[in-house]
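Predicted model only: the values in this text are computed from it and were never measured. Hydrogens, waters and symmetry mates play no part in the numbers below; they use all other heavy atoms, side chains included.
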Amino acid sequence: MMVHCRRKALFDDWRYEQAKRHADARRAVELCEDLCSEKVIGELYDLGCDTDPPAIVVAPAMPVGETRNALGRGFAAWLARETSLGVETRIVQTNAVKRDLITNPYQRLAHSPTFEGPVQQGGSYILADDVFTMGGTLAALRGFIESRGGNVVAITTIAEKEGLHVPISLDPETKTALYAVHGGVLASLVPQRIGFGLDCLTQPEGRFLLREPSADAIRAGLDRARDC
């Protein structure tokens with residue numbers, strides 16, 4: 001997952017609230033121009049143009065008119081222009097899960113976004129969003145596209161906590177630990193509570209669960225979150 005800047009740099013900029021909460025598309029573009037890395041853009045250009053046909057940029061966004069957040073969709077459109085790639089706006093989030101407002105990891109796990117829209121069979125996609133937290137939204141969009149025959153060649157966000165490229169998929173060590181921890185019960189507990197298996201978790205989600213003291217704590221946390 002390719003990142004342009006530290007999360008603090010984005011959050012401390014006064015234009016962030018205008019773009020994120022007040023549908024200010026002009027401020028969204030300004031943020032992209034000022035905070036995005038030319039080096040990362042070049043890397044995304046190479047990845048996007050190294051496919052036939054070239055990749056399409058898509059953001060995990062609600063339909064226009066149903067959200068005040070102009071930043072994710074604005075970043076995708078801006079990135080497409082900078083890399084001379086196409087942008088797909090017909091793939092949209094279908095449930096109003098405002099994950100950018102959710103800080104509790106259990107609530108993020110329990111309330112996954114869903115998507116609809118046309119996916120090109122064999123087409124390549126770059127996923128673009130504003131902020132990387134635990135990666136669940138981007139992972140859900142990747143799953144939607146790949147389950148319909150598309151191929152995700154890159155994922156990028158404007159900001160992440162430390163401003164570093166981070167893995168989004170579970171690494172082998174984390175996956176092994178998840179299947180073994182707490183007597184191995186997470187392999188059945190997690191699908192029962194959130195609807196998908198351990199293999200579909202992101203690396204940050206997996207590390208969060210491994211830090212929890214017991215299976216009972218995880219069960220209780222997910223149950224509370226589902227009831228919210």
Donor-acceptor pairs are to be reported for all side-chain atoms of residues 192-200 against protein atoms at under 3.5 Å, with residues two or more places apart or in another chain.
from	atom 1	to	atom 2	distance (Å)
Arg193	NE	Asp223	OD1	2.6
Asp199	OD1	Tyr179	OH	2.8

Quick test of your reading of the model: are [X] and [Y] salt-bridged, counting only N-O distances below 4.0 Å?
X      : Y      : answer
Lys20  : Glu17  : no
Arg15  : Asp34  : yes
Glu146 : Arg148 : no
Glu160 : Arg6   : no

Heavy atoms of other groups near Glu33 CD, more than 12 under 6.0 Å
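Check passes, neighbour count above 12.
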Does atom CZ of Phe208 have more than 12 heavy-atom neighbours, drawn from other residues, nucleotides or ligands, at distances under 6.0 Å?
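Enclosed: over 12 neighbouring heavy atoms sit under 6.0 Å from CZ of Phe208.
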For Val131 and Ile158: C-alpha separation, side-chain torsions, deciding distance, then whether side-chain contact (heavy atoms from CB on, under 4.5 Å) applies.
CA-CA 6 Å; Val131 179; Ile158 298 173; over 6 Å; no
Considering all heavy atoms, the nearest [X]-[Y] contact:
X      : Y      : answer
Ser112 : Asn95  : O-ND2, 3.0 Å
His4   : Ser37  : ND1-N, 3.0 Å
Leu141 : Leu127 : CD2-CD2, 3.9 Å
Leu186 : Pro191 : O-CD, 3.7 Å

Judged by atom type as modelled, is there a donor-acceptor pair below 3.5 Å linking the side chain of Thr174 to the main-chain atoms of Leu170?
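No.
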Would you tabulate the side-chain donor-acceptor contacts of residues 72-82 under 3.5 Å, counting partners in other chains and residues two or more places apart, or write 'none'?
from	atom 1	to	atom 2	distance (Å)
Arg73	NH2	Met62	O	2.2

Once you round to the nearest 0.5 Å, how far does OG1 of Thr137 lie from CD of Gln93?
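Reported to 0.5 Å precision, the distance equals 6.5 Å.
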What's the verdict on side-chain contact (heavy atoms from CB on, under 4.5 Å) for Arg21 and Arg68, showing C-alpha distance, side-chain angles and the deciding distance?
CA-CA 5 Å; Arg21 315 280 185 229; Arg68 301 290 292 168; 5.6 Å; no
